Amino acid sequence: MKESILVIGANGQIGTELVEELRHRHGESTVIATDIKPANAALEGTGPFEQVDVLDTSGLHEVMRRNNVKQVYLLAALLSATAEQKVKTAWRLNMEGLLGVLDLAREQSFKLFWPSSIAVFGPTTPRDNTPQYTITEPNTVYGISKLAGERWCEYYHQKFGVDVRSLRYPGLIGWKSEPGGGTTDYAVHIFHEALRSKKYEAFLSEDTMLPMMYMPDALRATIGIMDAAADHIKIRSSYNVAAMSFTPKDIALEIEKHIPGFSISYKPDSRQQIADSWPRSFDDAAARKDWGWRHEFDLAKMTDDMLVHLQHPVM
Ligand code: AKB
(Lines give C-alpha, C1' and ligand atoms only; values in the text may rest on other atoms or scores of the structure.)
Protein backbone atom coordinates (compact mmCIF):
# COMPACT_ATOMS: atom_id res chain seq x y z
CA MET A 1 0.00 0.00 0.00
CA LYS A 2 1.21 3.49 -0.89
CA GLU A 3 2.82 5.44 1.99
CA SER A 4 1.35 8.78 2.97
CA ILE A 5 2.06 11.93 4.95
CA LEU A 6 -0.36 13.31 7.53
CA VAL A 7 -0.66 16.99 8.44
CA ILE A 8 -2.57 17.62 11.70
CA GLY A 9 -3.88 21.17 12.11
CA ALA A 10 -3.85 21.71 8.33
CA ASN A 11 -6.14 24.77 8.41
CA GLY A 12 -3.62 26.89 10.32
CA GLN A 13 -1.05 29.40 9.07
CA ILE A 14 1.72 26.82 8.54
CA GLY A 15 -0.53 23.85 7.77
CA THR A 16 -2.27 25.52 4.83
CA GLU A 17 1.03 26.27 3.11
CA LEU A 18 2.79 23.08 4.16
CA VAL A 19 0.04 20.87 2.71
CA GLU A 20 0.30 22.71 -0.61
CA GLU A 21 4.10 22.40 -0.68
CA LEU A 22 4.10 18.71 0.31
CA ARG A 23 1.46 17.96 -2.34
CA HIS A 24 3.55 19.79 -4.90
CA ARG A 25 6.54 17.60 -4.00
CA HIS A 26 4.88 14.22 -3.41
CA GLY A 27 1.57 14.32 -5.31
CA GLU A 28 -1.77 15.45 -3.96
CA SER A 29 -3.12 12.03 -2.93
CA THR A 30 0.01 11.31 -0.81
CA VAL A 31 -0.72 14.10 1.66
CA ILE A 32 -3.69 13.70 4.02
CA ALA A 33 -4.72 17.02 5.57
CA THR A 34 -6.61 16.91 8.89
CA ASP A 35 -8.10 19.53 11.14
CA ILE A 36 -10.72 19.79 13.86
CA LYS A 37 -12.70 22.07 11.51
CA PRO A 38 -13.78 21.47 7.88
CA ALA A 39 -11.15 22.29 5.24
CA ASN A 40 -10.52 26.02 4.79
CA ALA A 41 -11.06 27.71 1.43
CA ALA A 42 -7.42 27.28 0.38
CA LEU A 43 -7.43 23.53 1.06
CA GLU A 44 -10.93 22.62 -0.04
CA GLY A 45 -10.96 20.33 -3.05
CA THR A 46 -7.16 20.18 -3.30
CA GLY A 47 -6.68 16.61 -2.02
CA PRO A 48 -7.61 14.20 0.78
CA PHE A 49 -8.96 15.88 3.93
CA GLU A 50 -10.23 14.28 7.15
CA GLN A 51 -11.95 16.17 9.94
CA VAL A 52 -10.51 14.84 13.21
CA ASP A 53 -9.63 16.27 16.63
CA VAL A 54 -5.96 15.81 17.57
CA LEU A 55 -7.11 14.82 21.06
CA ASP A 56 -9.09 11.91 19.56
CA THR A 57 -6.16 9.50 19.46
CA SER A 58 -8.21 6.56 18.24
CA GLY A 59 -9.72 8.66 15.43
CA LEU A 60 -6.21 9.70 14.39
CA HIS A 61 -5.00 6.14 14.59
CA GLU A 62 -7.80 5.05 12.29
CA VAL A 63 -6.89 7.73 9.70
CA MET A 64 -3.24 6.63 9.93
CA ARG A 65 -4.09 2.95 9.54
CA ARG A 66 -6.32 3.52 6.51
CA ASN A 67 -3.67 5.61 4.78
CA ASN A 68 -0.44 3.82 5.71
CA VAL A 69 0.98 7.02 7.23
CA LYS A 70 4.79 7.15 7.53
CA GLN A 71 5.30 10.84 8.33
CA VAL A 72 3.27 13.17 10.54
CA TYR A 73 3.44 16.95 10.89
CA LEU A 74 1.67 17.87 14.13
CA LEU A 75 0.74 21.55 13.85
CA ALA A 76 -2.44 21.81 15.94
CA ALA A 77 -1.79 24.28 18.80
CA LEU A 78 -2.95 27.47 20.45
CA LEU A 79 -0.39 30.26 20.03
CA SER A 80 1.03 32.65 22.60
CA ALA A 81 -1.63 35.38 22.86
CA THR A 82 -4.65 33.04 22.73
CA ALA A 83 -3.05 30.64 25.20
CA GLU A 84 -2.89 33.43 27.81
CA GLN A 85 -6.68 33.82 27.46
CA LYS A 86 -7.44 30.08 27.42
CA VAL A 87 -4.90 28.65 29.82
CA LYS A 88 -6.26 25.16 30.42
CA THR A 89 -7.49 24.63 26.86
CA ALA A 90 -4.07 25.63 25.53
CA TRP A 91 -2.24 23.34 27.92
CA ARG A 92 -4.52 20.44 27.05
CA LEU A 93 -4.33 20.94 23.30
CA ASN A 94 -0.59 21.66 23.18
CA MET A 95 0.47 18.94 25.64
CA GLU A 96 -2.06 16.12 25.39
CA GLY A 97 -2.10 16.54 21.62
CA LEU A 98 1.66 16.03 21.50
CA LEU A 99 1.74 13.15 24.01
CA GLY A 100 -1.03 11.30 22.18
CA VAL A 101 0.79 11.59 18.85
CA LEU A 102 4.15 10.65 20.43
CA ASP A 103 2.49 7.47 21.74
CA LEU A 104 1.12 6.72 18.28
CA ALA A 105 4.60 7.32 16.82
CA ARG A 106 6.04 4.88 19.34
CA GLU A 107 3.52 2.21 18.33
CA GLN A 108 3.38 2.88 14.58
CA SER A 109 7.01 3.97 13.94
CA PHE A 110 6.23 7.02 11.81
CA LYS A 111 8.55 10.02 11.59
CA LEU A 112 7.14 13.02 13.48
CA PHE A 113 7.58 16.77 13.10
CA TRP A 114 6.48 18.98 15.98
CA PRO A 115 7.03 22.75 16.11
CA SER A 116 8.55 24.48 19.09
CA SER A 117 9.09 28.25 19.24
CA ILE A 118 11.24 31.15 20.42
CA ALA A 119 8.65 31.15 23.22
CA VAL A 120 10.67 28.50 25.11
CA PHE A 121 12.93 31.37 26.14
CA GLY A 122 11.90 33.79 28.86
CA PRO A 123 12.83 37.05 30.57
CA THR A 124 15.98 35.57 32.15
CA THR A 125 17.37 34.34 28.82
CA PRO A 126 20.13 36.38 27.12
CA ARG A 127 18.13 38.19 24.43
CA ASP A 128 20.71 38.84 21.73
CA ASN A 129 22.00 36.00 19.61
CA THR A 130 20.32 33.62 22.07
CA PRO A 131 22.25 30.32 22.04
CA GLN A 132 20.81 26.89 21.35
CA TYR A 133 21.48 25.90 24.97
CA THR A 134 20.80 28.61 27.53
CA ILE A 135 18.44 29.58 30.35
CA THR A 136 14.87 28.60 29.47
CA GLU A 137 12.40 29.99 31.99
CA PRO A 138 9.36 30.90 29.87
CA ASN A 139 6.63 32.88 31.63
CA THR A 140 3.81 32.26 29.14
CA VAL A 141 1.44 29.29 28.97
CA TYR A 142 2.46 28.74 25.36
CA GLY A 143 6.18 28.90 26.20
CA ILE A 144 5.80 26.50 29.12
CA SER A 145 3.93 24.04 26.87
CA LYS A 146 6.60 24.33 24.16
CA LEU A 147 9.44 23.78 26.64
CA ALA A 148 7.70 20.78 28.18
CA GLY A 149 7.00 19.49 24.66
CA GLU A 150 10.68 19.70 23.79
CA ARG A 151 11.54 17.65 26.84
CA TRP A 152 8.92 15.05 25.89
CA CYS A 153 10.25 14.83 22.32
CA GLU A 154 13.77 14.18 23.55
CA TYR A 155 12.46 11.68 26.10
CA TYR A 156 10.47 9.69 23.54
CA HIS A 157 13.48 9.65 21.22
CA GLN A 158 15.90 8.47 23.90
CA LYS A 159 13.64 5.97 25.66
CA PHE A 160 11.61 4.61 22.76
CA GLY A 161 13.59 5.52 19.63
CA VAL A 162 10.81 7.77 18.26
CA ASP A 163 12.14 9.65 15.22
CA VAL A 164 10.83 13.07 16.23
CA ARG A 165 12.26 16.30 14.82
CA SER A 166 11.55 19.86 15.84
CA LEU A 167 12.30 23.51 15.11
CA ARG A 168 12.00 26.55 17.34
CA TYR A 169 10.12 28.77 14.91
CA PRO A 170 10.50 32.53 15.06
CA GLY A 171 7.48 34.64 13.95
CA LEU A 172 6.31 33.40 10.54
CA ILE A 173 5.17 35.67 7.74
CA GLY A 174 3.36 34.60 4.57
CA TRP A 175 0.81 35.87 2.07
CA LYS A 176 -1.19 32.70 1.47
CA SER A 177 -2.54 32.13 4.98
CA GLU A 178 -3.46 34.17 8.03
CA PRO A 179 -1.79 33.76 11.42
CA GLY A 180 -4.02 33.48 14.47
CA GLY A 181 -3.46 34.24 18.11
CA GLY A 182 0.27 34.92 18.07
CA THR A 183 2.43 37.80 19.31
CA THR A 184 4.29 38.08 16.00
CA ASP A 185 1.07 38.29 13.91
CA TYR A 186 1.48 42.05 13.47
CA ALA A 187 4.18 41.38 10.90
CA VAL A 188 1.56 39.80 8.62
CA HIS A 189 -1.31 42.21 9.37
CA ILE A 190 0.88 45.20 8.57
CA PHE A 191 1.14 44.18 4.89
CA HIS A 192 -2.63 43.77 4.48
CA GLU A 193 -3.34 47.10 6.16
CA ALA A 194 -0.60 48.89 4.22
CA LEU A 195 -2.24 47.84 0.95
CA ARG A 196 -5.77 48.47 2.18
CA SER A 197 -5.47 51.79 4.00
CA LYS A 198 -1.82 52.91 3.89
CA LYS A 199 -1.70 52.91 7.67
CA TYR A 200 -1.30 50.43 10.50
CA GLU A 201 -1.57 50.53 14.28
CA ALA A 202 0.94 48.08 15.78
CA PHE A 203 0.17 46.27 19.04
CA LEU A 204 3.90 46.23 19.88
CA SER A 205 6.13 49.24 20.51
CA GLU A 206 8.26 50.61 17.68
CA ASP A 207 11.55 49.20 18.99
CA THR A 208 10.38 45.65 19.84
CA MET A 209 12.83 43.48 17.96
CA LEU A 210 11.89 39.84 17.36
CA PRO A 211 13.27 37.00 15.23
CA MET A 212 11.12 36.41 12.11
CA MET A 213 11.09 34.18 9.04
CA TYR A 214 9.39 34.26 5.65
CA MET A 215 7.14 31.27 4.97
CA PRO A 216 9.10 29.85 1.99
CA ASP A 217 12.14 29.61 4.31
CA ALA A 218 10.02 28.10 7.09
CA LEU A 219 8.67 25.45 4.70
CA ARG A 220 12.18 24.59 3.51
CA ALA A 221 13.39 24.34 7.11
CA THR A 222 10.45 22.13 8.09
CA ILE A 223 10.70 19.76 5.14
CA GLY A 224 14.51 20.00 5.29
CA ILE A 225 14.77 18.68 8.84
CA MET A 226 12.27 15.93 8.06
CA ASP A 227 14.19 14.85 4.94
CA ALA A 228 17.63 14.96 6.61
CA ALA A 229 19.35 11.64 7.37
CA ALA A 230 18.54 10.59 10.95
CA ASP A 231 22.20 10.62 12.01
CA HIS A 232 22.43 14.33 11.10
CA ILE A 233 19.74 15.18 13.65
CA LYS A 234 21.84 15.56 16.77
CA ILE A 235 19.29 17.56 18.75
CA ARG A 236 16.03 15.79 19.53
CA SER A 237 14.51 18.53 21.66
CA SER A 238 14.32 21.37 19.10
CA TYR A 239 16.66 23.39 16.85
CA ASN A 240 16.94 27.18 16.81
CA VAL A 241 16.28 28.33 13.21
CA ALA A 242 16.76 31.98 12.34
CA ALA A 243 16.49 34.18 9.27
CA MET A 244 16.09 37.87 10.23
CA SER A 245 15.19 40.13 13.15
CA PHE A 246 13.34 43.43 12.91
CA THR A 247 11.18 45.88 14.84
CA PRO A 248 7.75 47.27 13.82
CA LYS A 249 9.57 50.46 12.85
CA ASP A 250 12.04 48.59 10.61
CA ILE A 251 9.31 46.78 8.70
CA ALA A 252 7.25 49.96 8.37
CA LEU A 253 10.24 51.76 6.83
CA GLU A 254 10.75 48.89 4.41
CA ILE A 255 7.07 48.88 3.38
CA GLU A 256 7.16 52.63 2.91
CA LYS A 257 9.81 52.19 0.22
CA HIS A 258 7.12 50.39 -1.83
CA ILE A 259 4.05 52.29 -0.61
CA PRO A 260 4.97 55.97 -0.24
CA GLY A 261 2.88 57.69 2.42
CA PHE A 262 2.44 54.51 4.48
CA SER A 263 2.37 55.38 8.18
CA ILE A 264 2.53 53.33 11.37
CA SER A 265 1.36 54.16 14.89
CA TYR A 266 1.94 52.17 18.07
CA LYS A 267 -0.51 51.05 20.73
CA PRO A 268 1.15 48.26 22.73
CA ASP A 269 -1.28 45.85 24.42
CA SER A 270 -0.86 42.71 26.56
CA ARG A 271 1.18 41.09 23.79
CA GLN A 272 4.00 43.58 24.49
CA GLN A 273 4.85 41.76 27.70
CA ILE A 274 5.08 38.46 25.86
CA ALA A 275 7.34 39.97 23.18
CA ASP A 276 9.56 41.52 25.84
CA SER A 277 10.26 38.08 27.28
CA TRP A 278 11.47 36.65 23.94
CA PRO A 279 14.87 36.86 22.19
CA ARG A 280 15.66 39.79 19.92
CA SER A 281 17.79 37.49 17.75
CA PHE A 282 18.87 33.88 18.09
CA ASP A 283 21.76 31.71 17.08
CA ASP A 284 21.01 28.79 14.76
CA ALA A 285 24.58 27.57 14.14
CA ALA A 286 23.68 24.01 15.20
CA ALA A 287 20.92 23.70 12.56
CA ARG A 288 23.26 25.10 9.91
CA LYS A 289 26.03 22.67 10.85
CA ASP A 290 24.02 19.50 11.54
CA TRP A 291 21.57 19.39 8.64
CA GLY A 292 22.53 22.25 6.35
CA TRP A 293 19.89 24.88 7.20
CA ARG A 294 20.25 28.14 5.17
CA HIS A 295 17.75 30.97 4.95
CA GLU A 296 17.12 32.90 1.73
CA PHE A 297 14.92 35.82 2.70
CA ASP A 298 15.94 38.95 4.62
CA LEU A 299 13.58 41.83 5.42
CA ALA A 300 14.01 43.64 2.08
CA LYS A 301 13.57 40.52 -0.05
CA MET A 302 10.58 39.33 1.97
CA THR A 303 8.83 42.72 1.85
CA ASP A 304 9.22 42.89 -1.90
CA ASP A 305 7.90 39.34 -2.36
CA MET A 306 4.98 39.79 0.05
CA LEU A 307 3.78 42.95 -1.66
CA VAL A 308 4.08 41.49 -5.16
CA HIS A 309 2.04 38.43 -4.16
CA LEU A 310 -0.59 40.26 -2.13
CA GLN A 311 -1.21 42.57 -5.07
CA HIS A 312 -1.25 39.72 -7.63
CA PRO A 313 -2.35 36.68 -5.65
CA VAL A 314 -1.75 33.84 -8.13
CA MET A 315 -1.44 30.70 -5.98
C1 AKB B 1 3.49 33.42 18.41
O2 AKB B 1 3.65 34.63 18.22
O3 AKB B 1 2.85 32.94 19.35
C4 AKB B 1 4.11 32.46 17.41
C5 AKB B 1 5.46 32.00 17.85
C6 AKB B 1 6.61 32.92 17.80
O7 AKB B 1 5.61 30.88 18.23
N8 AKB B 1 4.19 33.09 16.12
Side-chain angles (χ1 to χ4, degrees), residues 9 11-18 73-87 89-91 93-95 97-98 113-123 125 127 130 136 138-150 153 166-192 202-205 208-215 217-219 221-222 237-248 251 268-284 287 295 297 302 306:
N11 279 342
Q13 186 196 15
I14 306 169
T16 303
E17 296 215 26
L18 184 67
Y73 292 82
L74 167 53
L75 304 174
L78 284 195
L79 297 193
S80 56
T82 311
E84 291 305 299
Q85 311 302 322
K86 301 181 179 172
V87 173
T89 311
W91 181 256
L93 173 62
N94 295 5
M95 268 326 29
L98 172 61
F113 176 84
W114 174 79
S116 184
S117 161
I118 51 169
V120 295
F121 303 112
T125 304
R127 293 187 66 204
T130 304
T136 44
N139 61 359
T140 61
V141 176
Y142 176 66
I144 297 168
S145 74
K146 288 297 180 191
L147 183 58
E150 288 190 3
C153 288
S166 176
L167 303 174
R168 289 173 176 158
Y169 286 134
L172 300 183
I173 298 150
W175 55 273
K176 291 185 186 172
S177 56
E178 286 287 323
T183 301
T184 56
D185 296 6
Y186 90 85
V188 178
H189 300 156
I190 194 170
F191 285 101
H192 292 272
F203 56 73
L204 298 179
S205 67
T208 306
M209 180 166 286
L210 289 168
M212 300 278 185
M213 187 180 284
Y214 194 34
M215 194 59 89
D217 275 342
L219 297 178
T222 306
S237 51
S238 192
Y239 278 95
N240 287 4
V241 276
M244 62 182 115
S245 278
F246 58 77
T247 65
I251 191 171
D269 65 16
S270 56
R271 288 168 278 193
Q272 182 67 46
Q273 215 188 343
I274 300 176
D276 287 342
S277 76
W278 288 354
R280 282 187 281 259
S281 60
F282 74 149
D283 175 14
D284 62 356
H295 72 279
F297 286 86
M302 174 187 77
M306 275 292 280

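None of these values were measured; they are calculated from a predicted model. As the structure lists them, so they are numbered: ligands from 1, and atoms in each ligand from 1.
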Donor on one side chain, acceptor on other, S80 and T140, under 3.5 Å: no
Donor-acceptor pair between S166 and E150 side chains, under 3.5 angstrom: no
Residues which pass side chain to side chain donor-acceptor pair (under 3.5 Å) with T184, listed by chain and number, not counting sequence neighbours: none
For ligand 1, the residues whose heavy atoms come within less than 4.0 Å (ordered by chain, then number): L79, S80, S117, I118, Y142, G182, T183, T184, W278
Contacts of E17 that satisfy salt bridge (Lys or Arg N to Asp or Glu O under 4.0 Å) - sequence neighbours left out: none
Side chain to side chain donor-acceptor pair (under 3.5 Å) against Y214, all qualifying residues, sequence neighbours excluded: D305
W91 backbone acceptor or donor facing S145 side chain under 3.5 Å: no
